[in-house]
Amino acid sequence: MDRKSIIGFVLIAVILVVWMTINSNKTEKEAAILRHTQDSLARIDSVQRIADAKISKHIADSIAVLPKDTTVKVNNDSLVAVKKKQIYGSFSSSVKGDNAPVTIQNEKVKATIYPLGGRIGEVELLGLKTSGGKPLILFREDSTHFGLSFFDKERRRFNTDSLYFKIEGKGFTVAGKDSNSIAVRLYADSSSDKYIEYLYSLTGNSYMLGCTINFIGFDKIFPDDQASMDLNWSMNAPTQEKAIKNERTVASVFYNFLGEEGIENLSESKAEKKTMTGEVRWVSFKQQYFSSILIAGTKFGTGGEVGVRVPSDPFTVKAMSTIVPISIGRSAKESFPMRFYFGPNKFDELKSHNLHLEREINLGSSIFGWLNRFVFIPLFDWLGSNFASYGLVILLLTIIVKIIMFPIAYKSFLSSAKMRVLKPEIDEITEKYGKDDPMKKQQATMALYKKAGVNPAAGCIPLLLQIPILFSLIRLFPAAFELRQHSFLWATDLSTYDSVWNFGFSIPWYGDHMSLFALLMTVSTLLYTWMNQQMLSPGSAQLPGMKWLIYLMPVMFLGFLNSYSAALSYYYFLSNIITFGQMFLMRRYVDHDAIRAKIDANKSKPVKQSGFMQRLEEAQKKRVQQMKEQQGNIKGKKK
């Protein structure tokens, strides 16, 4: 490696760092502008709605304070009632009310229901805490909306989230089972036989909360041609974890179409809106480790919408929303059963509901997802159920993986050992042909490998086989709910980064803290790379610049690992340490003299050449002939 090459690689590293810094600042500025625009539009919409409400209130208040005229007997209360009836129709008596909430709960979920809108305004997951040690609240009253949008026979549009429901009671029996339930009703015309009812229920020790919408006598309210109405649901998800940046990279809206196993989702990195073209089974507002999922009893109608954006609020992960159509008939009694899932993104928990909810956990695609679902998750769960410390669980997982992969690693080591035994003969070929005839040098080298029975590519196969494991675990550890808030050594939470030094300022590419597990993993990787370089075959010297590149890549990768899951860095640090031990044992006990004897024995045997190698040699000879002809033509032109 000469001085120019070293300067070149240093410049490449500097350019990469500068480029990533500029690109990161540009992306953050664009995101800030987009969030500011979206928040401005939201504020304009909110101001407009408030203005409309004030105008309506002003009309009602003006009528209410009309002066009494002794010559014209005017009943002001009647005028107000008439005006309210004109504006609010059958729901004029539900414009005002008491918003004192009630709660239902079981061992896992506590839901608070508010009369305004009859909605679930707050959900607390019992027994779980935020990274700051506070009760884990999925959303609060001021950060969620839930309501039906429909027309009456006079073509007035109503949204139930602005009307007051009446709490009718709790402790009902649902589907023949005792449950903790609450019914809230929105009455029309103050009549006891015309109302919309939300029946909320929590049964057993479950994260599922039942929500059945009943329409009683509303065939007299709905227009004759109305076959559906819109259910509007939105939520601003608050931060729950240590790093909101990591939360935002995985939070988004996911949804599943009826009869399909796969799922769809909106962008996790930018604001997006989509129209759902099929019949929807469920819509999920997914955060890093928790989800709020709306599930239809059968299906929602077609033509629904979903949206997601990153608000300017530094404590809000994402603003997520959906509009789903609900079909209605013409009878006096209609019912639409639904469920909410308020709980953790735990693979086994989500899978137990047989709705493909677990698909929203990104475990990787194709072979990576397959390995996680059928190998690593079952193994991880089994170890977790038998050992209390997840630091020990990861250690045992690493040992099991290394034992399974040992035969491949041993074969790779033998291939490297054979190449080292052949090094003196390779050096002779290099000295004979030098730089004057690289083609003949390559042909002679390949002929030596073939005669000795050595495959120079054999050492690459183990590396290729380890790639699926690498990418599978990159997906598994940051998504494993089981690691959340479990500590090990200096890491207080294995699901996120471990910080042993907070700088108080941010370094481009690296961050504002130092992760010790990430640093140990990087140092051990560099050491492992150096040890591998000592065992490389002579042929690898054809590209000496690559030697410095493979040292540079772990250092560049440190910027990513520094803010990633400590469990992942810890796993690969352990993997490197175990690999060092394997290499030490193999170097001590592998007999190089026996390898030399076997190679000599192979040389004395006739060479068996496969059809592929024959075609490869023919192609190589043809290429040499073409190069000679080209050189001859060039010399002829010069003369």
Side-chain angles (χ1 to χ4, degrees), residues 45 49 88-91 94 116-120 144-163 165 183-189 191 193-200 209-235 253-260 263-264 266 273-285 292-308 320-341 355:
D45 181 64
R49 291 173 64 183
Y88 299 108
S90 300
F91 304 100
S94 300
L116 180 58
R119 62 195 172 90
I120 302 172
T144 184
H145 293 279
F146 177 85
L148 299 171
S149 178
F150 59 89
F151 292 94
D152 67 0
K153 289 185 181 295
E154 303 299 323
R155 294 297 174 181
R156 286 169 294 208
R157 187 176 182 88
F158 295 94
N159 291 290
T160 61
D161 61 356
S162 62
L163 300 173
F165 287 61
V184 294
R185 293 176 180 174
L186 175 66
Y187 288 97
D189 296 327
S191 172
D193 61 353
K194 286 186 289 187
Y195 58 85
I196 297 175
E197 178 184 70
Y198 296 161
L199 181 58
Y200 298 109
L209 188 150
C211 176
T212 300
I213 304 177
N214 297 314
F215 303 96
I216 309 300
F218 260 62
D219 55 325
K220 300 179 179 65
I221 302 295
F222 293 144
D224 294 335
D225 60 348
Q226 182 166 314
S228 67
M229 66 175 65
D230 288 337
L231 173 60
N232 299 273
W233 183 37
S234 64
M235 184 181 94
V253 179
F254 291 72
Y255 52 96
N256 169 252
F257 290 117
L258 182 68
E260 294 187 9
I263 64 172
E264 305 286 336
L266 298 183
K273 275 190 176 183
K274 273 187 182 180
T275 298
M276 297 181 290
T277 56
E279 295 175 327
V280 177
R281 184 67 194 275
W282 54 261
V283 178
S284 173
F285 296 163
S292 301
I293 309 175
L294 177 62
I295 306 166
T298 53
K299 63 181 179 180
F300 295 111
T302 60
E305 294 181 0
V306 284
V308 64
M320 297 174 274
S321 62
T322 184
I323 301 173
V324 287
I326 292 177
S327 300
I328 54 175
R330 299 287 183 271
S331 63
K333 293 183 178 181
E334 296 281 342
S335 183
F336 190 86
M338 306 185 306
R339 286 179 290 168
F340 285 99
Y341 173 86
L355 293 166

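Just so it is clear, the model here is predicted, and its values are computed rather than measured.
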Worksheet item: How far apart are the C-alpha atoms of Glu334 and Asn214, what are their side-chain angles, what is the distance that settles it, and do they pass the side-chain contact (heavy atoms from CB on, under 4.5 Å) test?
Response: CA-CA 6 Å; Glu334 296 281 342; Asn214 297 314; over 6 Å; no
Discussion item. Counting only heavy atoms not in Lys153 (residues, nucleotides, ligands), do more than 12 fall under 6.0 Å from its NZ?
Written reply: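 Yes.
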For residues [X] and [Y], determine if any side-chain heavy atom of one lies less than 4.5 Å from a side-chain heavy atom of the other.
{"X": "Phe300", "Y": "Met338", "answer": "yes"}
{"X": "Val184", "Y": "Tyr200", "answer": "yes"}
{"X": "Leu266", "Y": "Lys274", "answer": "yes"}
{"X": "Thr302", "Y": "Val280", "answer": "no"}
{"X": "Met276", "Y": "Phe257", "answer": "yes"}

Does the [X] side chain pair with the main chain of [Y], one donor and one acceptor, at a distance under 3.5 Å?
{"X": "Thr144", "Y": "Ser234", "answer": "yes"}
{"X": "Arg339", "Y": "Cys211", "answer": "no"}
{"X": "Arg155", "Y": "Pro223", "answer": "no"}
{"X": "Ser331", "Y": "Lys333", "answer": "yes"}
{"X": "Ser94", "Y": "Leu163", "answer": "no"}
{"X": "Asn159", "Y": "Ser162", "answer": "no"}
{"X": "Asp152", "Y": "Glu154", "answer": "yes"}

Practice prompt. Could you walk me through whether Leu148 and Asp230 pass the side-chain contact (heavy atoms from CB on, under 4.5 Å) test, one step at a time?
Written response: CA-CA 6 Å; Leu148 299 171; Asp230 288 337; over 6 Å; no
Please report the shortest heavy-atom distance between [X] and [Y], naming the atom on each side.
{"X": "Gly303", "Y": "Pro325", "value": "C-CG, 4.4 Å"}
{"X": "Ile196", "Y": "Thr160", "value": "CD1-CG2, 4.4 Å"}
{"X": "Ile221", "Y": "Ala188", "value": "CD1-CB, 4.0 Å"}
{"X": "Ser292", "Y": "Met235", "value": "OG-SD, 3.8 Å"}
{"X": "Phe146", "Y": "Asp161", "value": "O-CB, 3.7 Å"}

[atom1]/[X] to [atom2]/[Y] distance, rounded to the nearest 0.5 angstrom?
{"X": "Asn232", "Y": "Ile323", "atom1": "CG", "atom2": "CD1", "answer": "4.5 Å"}
{"X": "Arg281", "Y": "Glu260", "atom1": "CZ", "atom2": "CD", "answer": "13.0 Å"}
{"X": "Trp282", "Y": "Leu258", "atom1": "CH2", "atom2": "CG", "answer": "13.0 Å"}
{"X": "Tyr198", "Y": "Leu186", "atom1": "OH", "atom2": "CG", "answer": "7.5 Å"}
{"X": "Leu294", "Y": "Phe340", "atom1": "CG", "atom2": "CZ", "answer": "5.0 Å"}
{"X": "Gln226", "Y": "Ile328", "atom1": "CD", "atom2": "CD1", "answer": "4.5 Å"}

Discussion item. Set out, in order, the CA-CA distance, both residues' side-chain angles and the distance that settles ring-ring contact (aromatic ring centres under 6.0 Å, His included) for Tyr255 and Phe285, then state yes or no.
Written reply: CA-CA 9 Å; Tyr255 52 96; Phe285 296 163; over 10 Å; no
Worksheet item: After noting the C-alpha distance and the side-chain angles of Leu355 and Ile293, does the key distance pass the side-chain contact (heavy atoms from CB on, under 4.5 Å) rule?
Response: CA-CA 11 Å; Leu355 293 166; Ile293 309 175; over 6 Å; no
Worksheet item: Can Arg185 and Asp193 be said to form a salt bridge (charged side-chain N to carboxylate O under 4.0 Å, His left out), step by step?
Response: CA-CA 11 Å; Arg185 293 176 180 174; Asp193 61 353; over 6 Å; no
Discussion item. What I want to check is whether the side chains of Arg157 and Ser149 have a donor and an acceptor closer together than 3.5 Å.
Written reply: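 On atom types as modelled, these side chains qualify, holding a pair under 3.5 Å.
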Practice prompt. Take Asp189 and Lys194, measure what salt bridge (charged side-chain N to carboxylate O under 4.0 Å, His left out) needs, and give me the verdict at the end.
Written response: CA-CA 8 Å; Asp189 296 327; Lys194 286 186 289 187; 2.9 Å; yes
Worksheet item: For the ring-ring contact (aromatic ring centres under 6.0 Å, His included) test, which of Phe151, Phe158, Phe150 pairs with Phe222?
Response: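 When Phe151, Phe158, Phe150 are each tested with Phe222, the ring-ring contact (aromatic ring centres under 6.0 Å, His included) holds only for Phe150.
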Discussion item. Ring-plane angle category for Phe91 and Phe218, please: parallel below 30°, perpendicular beyond 60°, tilted otherwise.
Written reply: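 Judged by the thresholds at 30° and 60°, the geometry between Phe91 and Phe218 is tilted.
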Discussion item. The test is side-chain contact (heavy atoms from CB on, under 4.5 Å); show your working for Glu264 and Asn256 and say whether it passes.
Written reply: CA-CA 6 Å; Glu264 305 286 336; Asn256 169 252; over 6 Å; no
